Amino acid sequence: ALLRSLTHAHPEVAPYPFTTRLPLPGMMAFEDVQIQLVDTPAVSEHHVEPYLTNMLHGADGVLLVLDVTADDLEPSLALSRGLLERARVWPSARRLPPEAPPSLVVRPVVVVANKRDLDPDGTFTELARVAVGEGLPFFAVSAEHGAGLEELRRALFGQLRVIRIYAKEPGKKPDLERPFVLPRGATVEALARAVHKEIAERLRYARIWGSAK
């Protein structure tokens, strides 16, 4: 339901686990940027798809989606944390332990508590927040009614720690609709390679225009 609300994908949605059988992508728009979200099969005590660990390890970030009305919220959260450990993913909001192995990757991990529309006084949402604990961004949303989704979009973009670069060919107007999206700290050479590797190989200088100047 969350994928359907945030993107143009049309997954099957039903109020029980394993409606999603295979990873299903969708493109979420935030202003002039497209962010790919991938829905995965549920994580349960009885079955976890074996490919999920590699999938999480290679992702740019992870959304842990919880049902605030579920009776097994804490066990579900424990299963999700266990999956992150097996995938060797460490939440960027938490300090990396000094004994961390080199195979551990640091990624933004965001907790999304869904179905807040079924929790009008916020009791279950607060219990979920307490169960999650400190150090992980927490968002209560309603995928069905859209509550909290715009805040979530903005937060996801911010968590990815990327910048937008607007290019301008000499003598032409700048392209303000399709920016290049690069990690924070990227160089001019990285931008040139994003345009075309031959441009990067021949690059001698660049002119910076606009507020970034």
Side-chain angles (χ1 to χ4, degrees), residues 1-7 9 11-26 37-97 99-101 103-149 151-152 155-156 159:
L2 193 63
L3 184 76
R4 184 178 64 182
S5 298
L6 290 172
T7 75
E12 182 183 355
V13 177
Y16 48 80
F18 296 103
T19 309
T20 301
R21 300 180 181 89
L22 295 171
L24 181 64
L37 303 181
V38 182
D39 188 21
T40 69
V43 176
S44 79
E45 181 182 359
H46 305 291
H47 182 71
V48 176
E49 295 290 349
Y51 58 76
L52 276 184
T53 52
N54 287 337
M55 190 175 177
L56 292 181
H57 190 81
D60 296 313
V62 180
L63 286 173
L64 299 182
V65 183
L66 304 175
D67 178 352
V68 295
T69 66
D71 295 330
D72 61 346
L73 188 141
E74 289 200 27
S76 295
L77 183 59
L79 286 170
S80 298
R81 283 173 168 158
L83 180 61
L84 286 177
E85 290 178 8
R86 296 197 301 277
R88 305 184 309 282
V89 174
W90 184 267
S92 59
R94 291 179 173 168
R95 180 174 297 182
L96 189 66
E99 69 279 6
S103 60
L104 199 67
V105 296
V106 179
R107 298 285 186 268
V109 177
V110 175
V111 178
V112 180
N114 191 26
K115 299 187 181 181
R116 83 179 206 190
D117 54 295
L118 301 180
D119 179 31
D121 63 359
T123 299
F124 295 124
T125 301
E126 187 57 32
L127 290 174
R129 193 187 302 272
V130 171
V132 169
E134 299 293 331
L136 288 183
F138 181 96
F139 294 89
V141 306
S142 169
E144 186 71 23
H145 299 280
L149 294 187
E151 181 185 5
L152 179 61
L156 294 183
Q159 288 286 330

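None of the values given here were measured: they were computed from a predicted structure. Positions are given from 1 along the sequence.
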Asker: Run the numbers on E49 and H47 for side chain to side chain contact (heavy atoms under 4.5 Å, CB included), then give the verdict.
Answerer: CA-CA 7 Å; E49 295 290 349; H47 182 71; 3.4 Å; yes

Asker: Report the residues that fulfil side-chain hydrogen bond (donor to acceptor under 3.5 Å, both in side chains) with D71, sequence neighbours left out, ordered by chain and then residue number.
Answerer: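 Scan of D71 (side-chain hydrogen bond (donor to acceptor under 3.5 Å, both in side chains), adjacent residues dropped) gives none.
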
Asker: In residues 73-86, what donor-acceptor pairs under 3.5 Å come from side-chain atoms, sequence neighbours left out?
Answerer:
residue: S76; atom: OG; partner: D72; partner atom: O; Å: 2.9
residue: S80; atom: OG; partner: S76; partner atom: O; Å: 3.1
residue: R81; atom: NH2; partner: V132; partner atom: O; Å: 2.5

Asker: Going through the distances and angles, do L156 and F139 end up as a side chain to side chain contact (heavy atoms under 4.5 Å, CB included)?
Answerer: CA-CA 11 Å; L156 294 183; F139 294 89; over 6 Å; no

Asker: Any chance you could lay out the side chain to side chain contact (heavy atoms under 4.5 Å, CB included) test for L37 and L2, step after step, and finish with the verdict?
Answerer: CA-CA 10 Å; L37 303 181; L2 193 63; over 6 Å; no

Asker: Can you name the residues that form a salt bridge (Lys or Arg N to Asp or Glu O under 4.0 Å) with D67, not counting sequence neighbours?
Answerer: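 Partners of D67 by the salt bridge (Lys or Arg N to Asp or Glu O under 4.0 Å) criterion, ordered by chain and then number, come out as K115.
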
Asker: State the NE2-CG distance between H145 and L118, to the nearest 0.5 angstrom.
Answerer: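 That separation rounds to 7.0 Å.
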
Asker: Which heavy-atom pair separates H57 from V89 by the least distance, and what is that distance?
Answerer: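 Closest pair (atom of H57, atom of V89, distance): CA-CG2, 3.9 Å.
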
Asker: Would you say the side chain of V141 lies within less than 4.5 Å of the side chain of E151, judging by non-hydrogen atoms?
Answerer: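 Side chain of E151 against side chain of V141, heavy atoms only: no contact under 4.5 Å found.
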
Asker: What are the two closest heavy atoms between R88 and S103, and how far apart are they?
Answerer: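 Closest approach of R88 to S103, heavy atoms only: CD-OG, 3.4 Å.
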
Asker: Looking at F124, is its backbone amide N or carbonyl O close enough to the side chain of D119 to form a donor-acceptor pair, meaning the two atoms are under 3.5 Å apart?
Answerer: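 Between the backbone of F124 and the side chain of D119 there is a qualifying donor-acceptor contact (under 3.5 Å).
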
Asker: Indicate the atoms forming the closest heavy-atom contact of Q159 with P108, along with that distance.
Answerer: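 Here Q159 and P108 meet closest at OE1-CB, 3.3 Å.
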
Asker: Please check this pair: side chain of R4 against backbone of E144, looking for a donor-acceptor N/O pair closer than 3.5 Å.
Answerer: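 Judged by distance alone, no pair lies under 3.5 Å.
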
Asker: Does N114 use its side chain to pair, donor to acceptor, with the backbone of V65 at less than 3.5 Å?
Answerer: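 Absent.
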
Asker: Mind running side chain to side chain contact (heavy atoms under 4.5 Å, CB included) on L104 and L96 for me, showing each step along the way?
Answerer: CA-CA 10 Å; L104 199 67; L96 189 66; 3.6 Å; yes

Asker: Would you name the heavy atoms of A113 and V68 that are closest together and state the gap between them?
Answerer: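 That would be CB-CG1, 3.3 Å.
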
Asker: Considering non-hydrogen atoms only, spot the tightest contact between L136 and P91 and give its length.
Answerer: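 Heavy atoms only, the tightest pair is CD2-CB, 3.5 Å.
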
Asker: With side chains defined as the heavy atoms from C-beta onward, is the minimum distance between L6 and L149 less than 4.5 Å?
Answerer: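 A side-chain contact under 4.5 Å exists here.
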
Asker: Could you report the tightest heavy-atom contact between T125 and A140, atom names first, then the distance?
Answerer: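 Looks like CG2-CB, 3.6 Å.
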
